[in-house]
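Notes follow the structure.
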2 protein chains.
Amino acid sequence: MATTTKTAERARPTYFPQLAAERLDIALCRASAAVARAADAHATEEGLGVGQHLVLQMLDAVGPCSQQTLSEELRIDRSVMVSVCDDLEREGFVRRERNPRDRRSYAVTITDSGRRRLAEAQTSIPAFLGDTFHPLTPEERAQLGMLLGKLLGTGA
Amino acid sequence: MATTTKTAERARPTYFPQLAAERLDIALCRASAAVARAADAHATEEGLGVGQHLVLQMLDAVGPCSQQTLSEELRIDRSVMVSVCDDLEREGFVRRERNPRDRRSYAVTITDSGRRRLAEAQTSIPAFLGDTFHPLTPEERAQLGMLLGKLLGTGA
DNA sequence: GGACAATCATCTGCTGTCAAACGATCTGCA
DNA sequence: TGCAGATCGTTTGACAGCAGATGATTGTCC
């Protein structure tokens, strides 16, 4: 993203310090949404959105899942999960079969093609992520992940 | 928000640990957007959105500003700032006067009514925020703010 | 003075997210 | 068995964020 260079060029805006601490928290959370959005946009450009990547990764790791399970684990809204799976299915990366035990739900399964695509993505992504998170040291990134995880109640 | 109680009630979803670290970062950033959204929704319910609150707070602290300055400092998009100021002006919390030195820009000024509204909001918000951020200690909150700030290039 | 690029506020269109509602299906209970 | 309520996937409508274009204004360079 050009944001990094841009902020360097011009007198970069700063959260003005008089902001009440509580509001600053929220302002920053809101801003971290921008990071996620940028990552999303970039990943989509590369042909595999963050949501799609997460789904493939999870299916690869834990086997067939319902869309419900996927959306709960990955914090992607059910209605959004529909289109994520639509896209993945259209490209042949997953199969949707009705779960015979509960015909309301699907058993979403990763295909061999999906596994190959996943492997590709794993290699192309790190460079971009290094770019996005480069202001932070590896320790700080780990810490950020830990704090956000704690804030969101995902356990220690 | 009911999120805290809800996560306690039901088998709470967790980011499944096999997630590659890089993706987890982004997944968490994305999820923290949900925190910001929840805060926004709550604040709007109380009659003063987060954006509006931030603007009032800044105008109160640093005096009249152009919309451009406000949107840069507060990381609110220019086009969004238009409607934020529209709302504030309609309710009489700010005045928009043309800057005589540069008639392209406005000098947005907080009114006495705006100051009163700001004072009200300052008292009603902390309770909700304490609830939202209670998983973190004050030190951790400060650290989270620092890390996100660094990630976004707002300086140390 | 006049041409040109830059800036401010604004509007429009696109995308992603979410809440609410719906049909199909399952579960529990009488 | 039959019925009420819950759950799964889906669609729809509303809304925020963002990029790009526009009109008014400013500053700059010739």
Side-chain angles (χ1 to χ4, degrees), chain A residues 1-3 6 9-11 26-27 29-45 49-52 54-55 64-72 74-89 94 96-108, chain B residues 1-3 9-11 26 29-45 49-52 54-55 64-72 74-89 94 96-108:
Chain A
M1 286 263 97
T3 19
K6 209 172 185 178
E9 283 164 13
R10 58 187 304 174
I26 291 193
C29 274
R30 173 192 284 236
S32 90
V35 174
R37 251 190 303 272
D40 228 355
H42 181 94
T44 304
E45 229 169 67
V50 170
Q52 300 178 29
L54 287 169
V55 167
C65 291
S66 70
Q67 293 183 194
Q68 183 69 17
T69 305
L70 286 168
S71 67
E72 279 180 6
L74 301 174
R75 310 242 177 191
I76 296 172
D77 193 80
R78 287 173 299 151
S79 54
V80 175
M81 185 58 70
V82 172
S83 58
V84 170
C85 289
D86 281 349
D87 292 344
L88 288 173
E89 191 180 32
V94 304
R96 266 199 278 212
E97 292 148 0
R98 282 290 173 189
N99 179 352
R101 293 175 175 249
D102 185 343
R103 300 204 310 279
R104 289 171 304 181
S105 67
Y106 287 123
V108 185
Chain B
M1 284 264 100
T3 19
E9 282 164 13
R10 57 186 307 174
I26 291 193
C29 275
R30 173 192 282 237
S32 87
V35 174
R37 252 190 302 273
D40 226 354
H42 180 95
T44 305
E45 227 169 67
V50 171
Q52 300 178 28
L54 287 169
V55 167
C65 290
S66 70
Q67 293 183 193
Q68 184 70 14
T69 304
L70 286 169
S71 67
E72 277 181 5
L74 301 174
R75 309 246 174 190
I76 296 173
D77 193 78
R78 290 168 297 149
S79 53
V80 175
M81 185 59 70
V82 173
S83 58
V84 170
C85 288
D86 280 349
D87 293 344
L88 287 173
E89 191 180 30
V94 304
R96 265 199 279 213
E97 293 148 359
R98 284 288 172 189
N99 180 350
R101 293 176 175 250
D102 184 344
R103 300 206 309 282
R104 291 170 302 181
S105 66
Y106 287 123
V108 185

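Keep in mind the model is a prediction, meaning the values are calculated, not measured.
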In whole angstrom, what separates [X]'s [atom1] from [N]'s [atom2]?
X	N	atom1	atom2	value
Asn99(A)	dT25(C)	CG	P	13 Å
Leu54(B)	dG17(D)	CG	P	11 Å
Met81(A)	dT11(D)	CE	C1'	17 Å
Arg104(B)	dT22(D)	CZ	P	19 Å
Glu97(A)	dG9(D)	CD	C1'	16 Å
Glu89(A)	dG9(D)	CD	P	13 Å
Arg78(B)	dA9(C)	CZ	C1'	9 Å
Leu70(B)	dC8(C)	CG	P	12 Å

I need the [X] [atom1] to [Y] [atom2] distance, nearest 0.5 Å.
X	Y	atom1	atom2	value
Asp77(B)	Arg75(B)	CG	CZ	12.5 Å
Arg96(A)	Ser105(A)	CZ	OG	12.0 Å
Ser66(B)	Met81(B)	OG	CE	9.5 Å

- request: Report yes if at least one side-chain N or O of Arg101(B) is closer than 4.0 Å to OP1 or OP2 of dC8(C); otherwise report no.
  value: no
message: Counting only side-chain nitrogens and oxygens, does Gln67(A) get under 4.0 Å of the OP1 or OP2 atom of dC8(D)?
response: no
task: Quick one: label Arg103(B) by what it contacts on the DNA or RNA (base, sugar-phosphate, nothing), any heavy atom closer than 4.0 Å.
output: sugar-phosphate
message: Between Val55(A) and Gln67(A), is there a side-chain heavy-atom distance shorter than 4.5 Å?
response: no
message: Can you confirm whether Tyr106(B) sits close enough to Glu97(B) that some side-chain heavy atom of one is under 4.5 Å from a side-chain heavy atom of the other?
response: no
field: Side chain of Tyr106(B) (C-beta onward), nearest among dC8(C), dT10(C), dG9(D)
entry: dT10(C)
message: From C-beta outward on Arg96(B), which listed nucleotide comes closest to its side chain: dT10(C), dA9(C), dC8(D)?
response: dT10(C)
Over all atoms of both residues, closest heavy-atom pair of Arg104(A) and Arg98(A): O-NH1, 2.7 Å
message: Please give me the minimum heavy-atom distance between Ser71(B) and Ile76(B), naming the atom from each residue.
response: CB-O, 2.7 Å
Every protein N/O lying under 3.5 Å from an N/O of nucleotides 16-19 of chain C:
residue	atom	partner	partner atom	Å
dT17(C)	O3'	Arg37(B)	NH2	3.2
dC18(C)	OP1	Arg37(B)	NE	3.4
dC18(C)	OP1	Arg37(B)	NH2	2.9

